[in-house]
*Asks:* 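One structure is given below, represented as structure tokens, and several questions about it will come after.
The shown structure was predicted, so the numbers you read here are calculated from the model rather than taken from an experiment.
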Amino acid sequence: MLCEAKRLWLKRAASTVLPRSKAGVVAAVVALVLLVTTIFLWDDLDGVFERHAPVPELSIWPQPANNPHPSLAVIIPITKHTDTRFYRNMWMGNHEFTICETRVADCSMVCGQPGQTTAQADVDCLVRAAKNRFNETEFIVRMSDDMLVDRSYVYGIMEEYKAIDVPMYISSTEQANTSGSVESGFYMFNRALTKCISDKGTFEERVAAGCGSAKRVDIDATKMWQGSYTSRNKHINLAAKGKS
């Protein structure tokens, strides 16, 4: 009798528990399916957001030259013949600061002094602008108004030398070995050089007098064009003397 009662009890218990166990299994399976589906849907949506999110710019560019603490300033000496709109509509327009020997339209700083040559006025303007307006700027480019310079070249230099805390500049070997005139050509230097360059002489003389043995890097002439630019279906005379 005891064994029979036990069998009956186990049978009732099984009939009671089994359906509940099946329901629990079904509920667990449903919950798992919902969880997996949610994960996949979220992953897809996250991919959509990533694909459409704007790519963040590097902090070093582009920033306007009139910002008190930009990372780059492009200083361009201009005359009455210079088409400043041409440069404002190119990449350097984000960083442009114009200097001039005598007052002309669109000139940001006039630096010419009586008795100075154009070359002397040019280097005076460059150094004065660097020290007074851009003394906290990481890099300064000087280019004449008959030049084009590859943007990736300038930005690449900034990226390569941004951690250099010693005075450094970029110029041609010809500029370094002659008078150091900046009247015609390209220079680029860092903030450390701005803080030590002296106020008298040619550019090279000012560097030597104020900064000592500054690091000099030779320019890559294949990344810039002076006087004219020709590529594929483009031919531009950069040195034309048009109407003022």
Side-chain angles (χ1 to χ4, degrees), residues 61-62 64-65 72-113 115-130 133-134 139-158 169-189 201-206 216-244:
W61 57 70
L72 174 66
V74 178
I75 298 177
I76 305 177
I78 64 172
T79 69
K80 65 179 182 179
H81 300 292
T82 304
D83 180 9
T84 53
R85 181 175 57 183
F86 176 77
Y87 289 107
R88 283 199 302 267
N89 283 283
M90 303 185 70
W91 71 267
M92 63 279 292
N94 290 322
H95 317 282
E96 179 191 88
F97 184 81
T98 53
I99 57 177
C100 54
E101 185 178 356
T102 58
R103 171 64 64 187
V104 295
D106 297 325
C107 179
S108 303
M109 178 181 286
V110 183
C111 301
Q113 300 293 328
Q116 280 188 322
T117 65
T118 298
Q120 290 170 335
D122 189 57
V123 71
D124 269 353
C125 272
L126 173 62
V127 173
R128 190 182 304 177
R133 294 292 299 271
F134 302 107
F139 290 93
I140 293 176
V141 165
R142 185 274 179 204
M143 53 180 284
S144 55
D145 72 344
D146 63 346
M147 293 190 74
L148 284 179
V149 180
D150 193 313
R151 174 179 62 179
S152 61
Y153 174 61
V154 172
Y155 290 166
I157 290 171
M158 294 174 68
Y169 67 103
I170 296 170
S171 68
S172 69
T173 303
E174 181 182 1
Q175 288 168 319
N177 292 338
T178 56
S179 65
S181 170
V182 296
E183 181 180 356
S184 179
F186 175 91
Y187 273 88
M188 184 172 179
F189 52 93
T202 65
F203 184 84
E204 301 286 343
E205 290 170 347
R206 293 174 190 232
R216 192 189 77 83
V217 178
D218 203 23
I219 64 171
D220 183 351
T222 66
K223 302 297 184 181
M224 55 192 69
W225 302 264
Q226 187 164 14
S228 65
Y229 172 85
T230 301
S231 178
R232 299 187 182 181
N233 68 335
K234 294 291 182 290
H235 178 72
I236 305 173
N237 183 354
L238 298 170
K241 301 297 184 188
K243 294 181 180 179
S244 59

*Asks:* Can you spot which of C125, C107, C111 makes a disulfide (SG to SG under 2.5 Å) with C100?
*Replies:*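 Option passing the disulfide (SG to SG under 2.5 Å) with C100: C107.
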*Asks:* Tell me the closest heavy-atom pair linking Q116 and E101, and the distance in Å.
*Replies:*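 In terms of heavy atoms, the two residues are closest at O-OE2, 4.2 Å.
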*Asks:* Is the closest side-chain heavy-atom distance between L148 and W91 below 4.5 Å?
*Replies:*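 In short, these two side chains do not touch, never coming nearer than 4.5 Å.
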*Asks:* Kindly determine whether V141 and I75 satisfy side chain to side chain contact (heavy atoms under 4.5 Å, CB included), including the steps that lead there.
*Replies:* CA-CA 6 Å; V141 165; I75 298 177; over 6 Å; no
*Asks:* List the steps, then state whether side chain to side chain contact (heavy atoms under 4.5 Å, CB included) holds for E204 with Y169.
*Replies:* CA-CA 10 Å; E204 301 286 343; Y169 67 103; 2.6 Å; yes
*Asks:* Do D106 and R85 sit within salt-bridge range, that is, some charged N less than 4.0 Å from a carboxylate O?
*Replies:*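 No, this pair does not count.
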*Asks:* Which pair of non-hydrogen atoms, one from E96 and one from T84, has the smallest distance, and what is that distance?
*Replies:*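 E96 and T84 have their closest heavy atoms at OE2-O, 3.9 Å.
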*Asks:* When you measure from the side chain of T98 to the backbone N and O of S108, does any donor-acceptor pair fall under 3.5 Å?
*Replies:*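 Confirmed, T98 side chain pairs with S108 backbone.
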*Asks:* Tell me if a side-chain donor or acceptor on R142 pairs with a main-chain N or O of G185 at a distance below 3.5 Å.
*Replies:*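 Side chain of R142 to backbone of G185: a pair is present.
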*Asks:* If you measure from OG on S172 to OH on Y187, what distance do you get to the nearest 0.5 Å?
*Replies:*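 With rounding to 0.5 Å, OG (S172) is 6.5 Å from OH (Y187).
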*Asks:* For the residue pair F134 and F97, categorise the inter-ring angle as parallel (less than 30°), tilted (30 to 60°) or perpendicular (more than 60°).
*Replies:*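 Because their plane-to-plane angle is over 60°, the rings of F134 and F97 count as perpendicular.
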*Asks:* Nearest 0.5 Å, what's the CG-CZ distance between D83 and R88?
*Replies:*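 Rounded to the nearest 0.5 Å, the CG-CZ separation comes out at 8.0 Å.
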*Asks:* So, R216 side chain and S171 main chain: donor-acceptor pair closer than 3.5 Å or not?
*Replies:*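 Looks like yes, one N/O pair under 3.5 Å.
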*Asks:* In this structure, are over 12 heavy atoms from other groups packed under 6.0 Å from R151 atom CZ?
*Replies:*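 Result for CZ/R151: open.
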*Asks:* Once rounded to the nearest 0.5 Å, what's the spacing between atom CZ of F186 and atom CE of M147?
*Replies:*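 Reported value, rounded in 0.5 Å steps: 7.0 Å.
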*Asks:* Is a side-chain donor or acceptor of S231 paired with a backbone partner of K234 at a separation under 3.5 angstrom?
*Replies:*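 No: the side chain of S231 does not pair with the backbone of K234.
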*Asks:* Can a donor-acceptor pair be found, under 3.5 Å and without considering hydrogens, that links the side chain of T79 to the backbone of H81?
*Replies:*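 Judged by distance alone, yes, a pair lies under 3.5 Å.
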*Asks:* Indicate the atoms forming the closest heavy-atom contact of G115 with Q120, along with that distance.
*Replies:*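 Closest approach of G115 to Q120, heavy atoms only: O-OE1, 4.2 Å.
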*Asks:* Hey, are Q113 and D124 close enough side-chain-wise for a donor-acceptor pair under 3.5 Å?
*Replies:*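 The answer is no; no qualifying pair exists.
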*Asks:* What pair of heavy atoms forms the shortest contact from I99 to A129, and how long is it?
*Replies:*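 Nearest heavy atoms, I99 then A129: CG2-CB, 4.4 Å.
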*Asks:* Looking at CE of M109 and CZ of R103, how far apart are the two atoms once the value is rounded to the nearest 0.5 Å?
*Replies:*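 The CE atom of M109 sits 10.5 Å away from the CZ atom of R103.
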*Asks:* For a side chain to side chain contact (heavy atoms under 4.5 Å, CB included) check, start with the C-alpha distance between V154 and M188, then their side-chain angles and the critical distance, and finish with the verdict.
*Replies:* CA-CA 9 Å; V154 172; M188 184 172 179; 3.9 Å; yes
*Asks:* Would the distance check show the side chain of Y87 and the main-chain N or O of D145 forming a donor-acceptor pair, the cut-off being under 3.5 Å?
*Replies:*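 Yes: the side chain of Y87 pairs with the backbone of D145.
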*Asks:* Applying the side-chain contact (heavy atoms from CB on, under 4.5 Å) criterion to I219, which one of V149, I157, I170 satisfies it?
*Replies:*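 Filter result, single survivor: I170.
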*Asks:* Quick one: are P77 and D122 in side-chain contact, heavy atoms under 4.5 Å?
*Replies:*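 Side chain of P77 against side chain of D122, heavy atoms only: contact under 4.5 Å found.
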*Asks:* Judged by atom type as modelled, is there a donor-acceptor pair below 3.5 Å linking the side chain of Y153 to the main-chain atoms of D220?
*Replies:*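 Looks like yes, one N/O pair under 3.5 Å.
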*Asks:* Does the side chain of L72 reach to within under 4.5 Å of the side chain of M158, using non-hydrogen atoms?
*Replies:*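 Side-chain contact under 4.5 Å: yes.
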*Asks:* Tell me if the centroids of the rings in Y155 and F139 come within less than 6.0 Å of each other.
*Replies:*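 Between F139 and Y155, which both carry aromatic rings, the centre distance is not below 6.0 Å.
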*Asks:* Checking T202 against R206: is there a side-chain donor and acceptor pair closer than 3.5 Å?
*Replies:*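 Their side chains do not contain a donor-acceptor pair, so the 3.5 Å distance test is not met.
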*Asks:* With side chain to side chain contact (heavy atoms under 4.5 Å, CB included) as the test, would you mind laying out the steps for I76 and M143 before giving the verdict?
*Replies:* CA-CA 6 Å; I76 305 177; M143 53 180 284; 4.0 Å; yes
